[in-house]
Amino acid sequence: MSIYSELQARGFIYQETDSENSKRLLENERVAFYVGFDPTGNSLHVGHLLPIMAMRLLQQAGHMPIVLVGGATAQIGDPSGKQTARPILTKDDVAANAECLKQQLSRFISIADGKAKFVNNIDWFKDMLYIDFLRDIGSKFSINRMLAQESVKQRLETGLSFLEFNYSILQAYDFYILNRDLGCRMQFGGQDQWGNIVAGVELVRKLSQQEVFATTFPLLLDSNGQKFGKTAGGANIWLDVERTPVFEYYQFWRNCEDSEVEKLLCFFTNLPVDEIKRLAALEAPAINRAKEILAFEATRLAHGEDEAKKSYLAAGGKFGFADPAGKIATSSSVTAIKADATAGFDDLPAIELPASEFAGDGMWIIKLFTDAGLCKSNGEARRLLQGGGAYLNDERLTNLELKVTLDMFANGCVTLKAGKKNIKKVILA
RNA sequence: GGUGGGGUUCCCGAGUGGCUAAAGGGGGCAGACUGUAAAUCUGCUGGUUUUACCUUCGGUGGUUCGAAUCCACCCCCCACCA
């Protein structure tokens with residue numbers, strides 16, 4: 001399958017400036033293309049993954065990814081798709097964040113031996129004179145057209161500063177520079193970037209008389225219309241294990257909705273499309289195997305085969321395996337793992353607490369739930385118990401005054417659960 | 001710069017002196033049902049040493065036995081005019 005058909009079949013293509021020529025270009029030439037990232041945080045989250053997976057596919061097909069870090073533009077904040085202006089970052093923040101970004105990206109695309117280029121737009125904006133910019137670039141933009149942009153129109157309702165208004169001009173200029181200096185001929189980005197991206201295509205045409213192309217990805221939403229990549233709780237699922245432990249990362253994918261599995265497998269795994277269609281068409285409860293494969297594959301890409309295996313076994317041990325006999329065919333390496341219900345116990349999320357806490361009268365159960373990180377406050381833990389959602393060693397707790405003592409530990413360990421899915425082992429230190 | 005309208009708990013949004021930790025909705029959490037799914041129903045949704053106390057209604061100060069609610073000043077947002 002050609003790379004273009006692959007992208008299309010997997011649902012990556014939402015809008016294109018020139019479908020026919022993009023296809024021809026991607027199929028017949030080695031193309032330098034760029035995707036921009038805002039270094040606004042020190043970790044990527046699942047919401048960033050769609051363009052990353054696209055870059056991965058394109059790179060595997062022989063194309064050259066240029067990762068643009070928006071060091072300059074991050075200091076402005078893109079108003080597209082945002083309700084309100086974003087806080088402005090310092091230069092040091094941006095530099096540190098850019099480094100984290102590069103490191104996390106390296107799990108998905110090859111960055112060694114110049115297989116991918118990293119650029120920072122601060123490099124061409126920092127010495128730019130305002131007058132020059134206005135004359136050379138500003139003159140190419142029509143305010144009338146900019147005002148007609150959907151993203152701008154929306155912000156006009158609530159207010160838009162001149163600073164933010166300039167964002168699309170800066171992004172357009174990025175494309176111009178990358179085309180001029182690195183021969184970049186395509187830009188990919190989120191659907192919300194369309195206006196900015198098209199502005200770039202036009203600017204390149206006006207300034208360089210070059211034809212360049214752009215494609216946007218669909219915006220992923222969950223069933224509630226929220227941006228994809230948040231937990232139910234609204235917290236982001238990060239690629240940084242400090243923020244999102246691997247087990248939780250795995251569980252995020254494992255808990256996707258039935259109706260989403262096919263889409264998610266297409267976007268976030270490397271499995272062939274026809275296999276995905278077959279897996280996603282499985283009847284309940286076998287559909288759960290598709291979710292296991294999704295979780296395993298997505299975790300494998302982000303955290304490596306070993307970590308993915310641990311999470312698979314830990315989750316399977318706790319909740320059961322969807323296809324323990326391995327009857328459902330798949331090209332995923334998950335099939336090689338023996339579905340052993342006890343093997344993953346050690347890899348459940350755990351916290352160590354000093355044994356002295358449990359000596360004598362023991363530790364108050366409410367405090368234990370809070371200290372273990374399962375509840376944000378004692379009040380929340382109290383409510384959890386009152387609502388019947390708290391478990392100690394798989395027994396439902398009702399006594400708010402319970403003290404956890406050393407004799408409740410088996411092999412130096414007790415298991416806490418907040419609800420059916422949030423598990424934490426407490427290990428004596 | 002002028003005039004008018006606003007800033008309430010995660011979000012939207014009621015509340016115009018005590019009955020207000022603050023209606024209602026959304027979101028979230030938990031329970032039941034299930035397949036670690038969806039839908040549905042139920043409970044909960046500021047903190048603590050929990051029949052009580054503490055913190056919260058843009059900020060500061062004041063009036064009052066008592067303030068999200070009244071007064072003064074300040075900050076910010078929106079609309080129209082300039």
Side-chain angles (χ1 to χ4, degrees), chain A residues 82-85 87 154-161 164 221-237 247-265 279-296 298-299 311-324 328 339 341 344 348-349 361 363-371 373-392 394-403 415-424:
Chain A
K82 305 284 191 317
Q83 298 301 304
T84 47
Q154 275 171 22
R155 279 298 298 278
L156 247 27
E157 316 256 323
T158 53
L160 179 68
S161 70
E164 294 175 280
L221 298 173
D222 65 20
S223 56
N224 296 316
Q226 301 293 308
K227 258 193 175 178
F228 176 79
K230 309 260 184 189
T231 50
N236 280 316
I237 298 293
F247 181 75
E248 216 175 288
Y249 189 84
Y250 177 95
Q251 286 289 285
F252 167 76
W253 298 102
R254 176 61 186 84
N255 284 317
C256 79
E257 295 171 21
D258 287 10
S259 56
E260 306 277 292
V261 197
E262 178 173 339
K263 199 167 80 183
L264 298 181
L265 280 165
L279 289 171
L282 290 167
E283 293 292 323
I287 182 81
N288 282 321
R289 183 58 170 170
K291 295 188 191 180
E292 276 182 2
I293 293 169
L294 167 66
F296 177 80
T299 307
S311 293
Y312 169 72
L313 287 171
K318 204 66 208 170
F319 302 108
F321 293 95
D323 180 30
I328 296 165
L348 287 172
D361 286 347
M363 187 178 194
W364 187 28
I365 187 66
I366 299 294
K367 189 167 181 306
L368 181 57
F369 267 87
T370 310
D371 284 4
L374 287 169
C375 295
K376 284 198 277 297
S377 66
N378 287 358
E380 192 177 303
R382 192 184 294 269
R383 277 180 242 119
L384 183 71
L385 252 81
Q386 284 167 342
Y391 302 80
L392 174 70
D394 283 322
E395 273 184 56
R396 178 173 287 175
L397 295 166
T398 49
N399 179 7
L400 291 175
E401 303 305 324
L402 182 74
K403 302 283 191 188
T415 311
L416 299 178
K417 283 205 292 178
K420 299 273 191 278
K421 293 186 211 166
N422 308 305
I423 303 171
K424 202 96 172 197

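Note that this is a predicted model, so its numbers are computed, not measured. So that the names make sense, note that chain A is the first sequence line, chain B the second, and so on, each numbered from 1.
Pairing of A79(B), defined by two Watson-Crick or G-U wobble distances under 3.5 Å, is identified with U3(B). Nucleotide G46(B) is matched to C54(B) when pairs are restricted to Watson-Crick or G-U wobble geometry with both distances under 3.5 angstrom. Nucleotide C65(B) is matched to G18(B) when pairs are restricted to Watson-Crick or G-U wobble geometry with both distances under 3.5 angstrom. Nucleotide G24(B) forms a Watson-Crick or G-U wobble pair with C12(B), both donor-acceptor distances falling under 3.5 Å.
Between Asn255(A) and G35(B) there is no side-chain N or O to OP1 or OP2 distance below 4.0 Å. Phosphate contact (OP1/OP2 of G31(B), side-chain N/O of Tyr391(A), threshold under 4.0 Å): present.
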Table of protein N/O atoms under 3.5 Å from nucleotides 44-49 of chain B N/O atoms:
{"from": "G47(B)", "atom 1": "OP1", "to": "Ser377(A)", "atom 2": "OG", "distance (Å)": "2.7"}
{"from": "G47(B)", "atom 1": "OP2", "to": "Arg383(A)", "atom 2": "NH2", "distance (Å)": "2.4"}
{"from": "U48(B)", "atom 1": "OP1", "to": "Asn378(A)", "atom 2": "N", "distance (Å)": "3.0"}
{"from": "U48(B)", "atom 1": "OP2", "to": "Gly379(A)", "atom 2": "N", "distance (Å)": "2.7"}
{"from": "U49(B)", "atom 1": "OP1", "to": "Asn378(A)", "atom 2": "ND2", "distance (Å)": "3.3"}
{"from": "U49(B)", "atom 1": "OP2", "to": "Asn378(A)", "atom 2": "ND2", "distance (Å)": "3.4"}

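Scored by the salt bridge (charged side-chain N to carboxylate O under 4.0 Å, His left out) test, Asp361(A) finds no partners at all (sequence neighbours excluded). Applying the side-chain contact (heavy atoms from CB on, under 4.5 Å) criterion to Lys424(A), with sequence neighbours excluded, gives Pro349(A), Ile351(A), Ala372(A), Leu374(A). Evaluation of the side-chain contact (heavy atoms from CB on, under 4.5 Å) rule for Ala381(A) yields Ile366(A), Phe369(A), Thr370(A), Cys375(A) as partners, not counting sequence neighbours. The side-chain contact (heavy atoms from CB on, under 4.5 Å) search around Lys367(A) returns Met363(A), Trp364(A), Asp371(A), not counting sequence neighbours. Qualifying side-chain contact (heavy atoms from CB on, under 4.5 Å) partners for Pro324(A), counting only residues two or more places apart in sequence or in other chains: Phe321(A), Ala339(A).
Between Leu279(A) and Glu262(A), every side-chain heavy-atom pair lies at or beyond the 4.5 Å cut-off.
Nucleotides G59(B) and G7(B) are separated by 13 Å at their P atoms, to the nearest Å. Going from the P atom of C81(B) to that of C19(B) covers 44 Å, rounded to whole Å.
A straight line from CG of Leu397(A) to C1' of G31(B) spans 15 Å, rounded to a whole angstrom. Residue Lys421(A) contributes atom NZ, which lies 14 Å from atom P of G35(B) at whole-angstrom precision.
Residues Gly389(A) and Arg254(A) each lie close to RNA chain B; by heavy-atom proximity, the contact nearer the 5' end of the strand is made by Gly389(A).
Ion pairing between Lys263(A) and Glu260(A) holds under the 4.0 Å rule for side-chain N and carboxylate O.
Distances were taken from every side-chain heavy atom of Arg396(A) (C-beta onward) to each of G35(B), U36(B), G31(B); the shortest belongs to G31(B). The nucleotide whose nearest atom lies closest to any side-chain atom of Lys420(A) is, among A30(B), A32(B), G35(B), A32(B).
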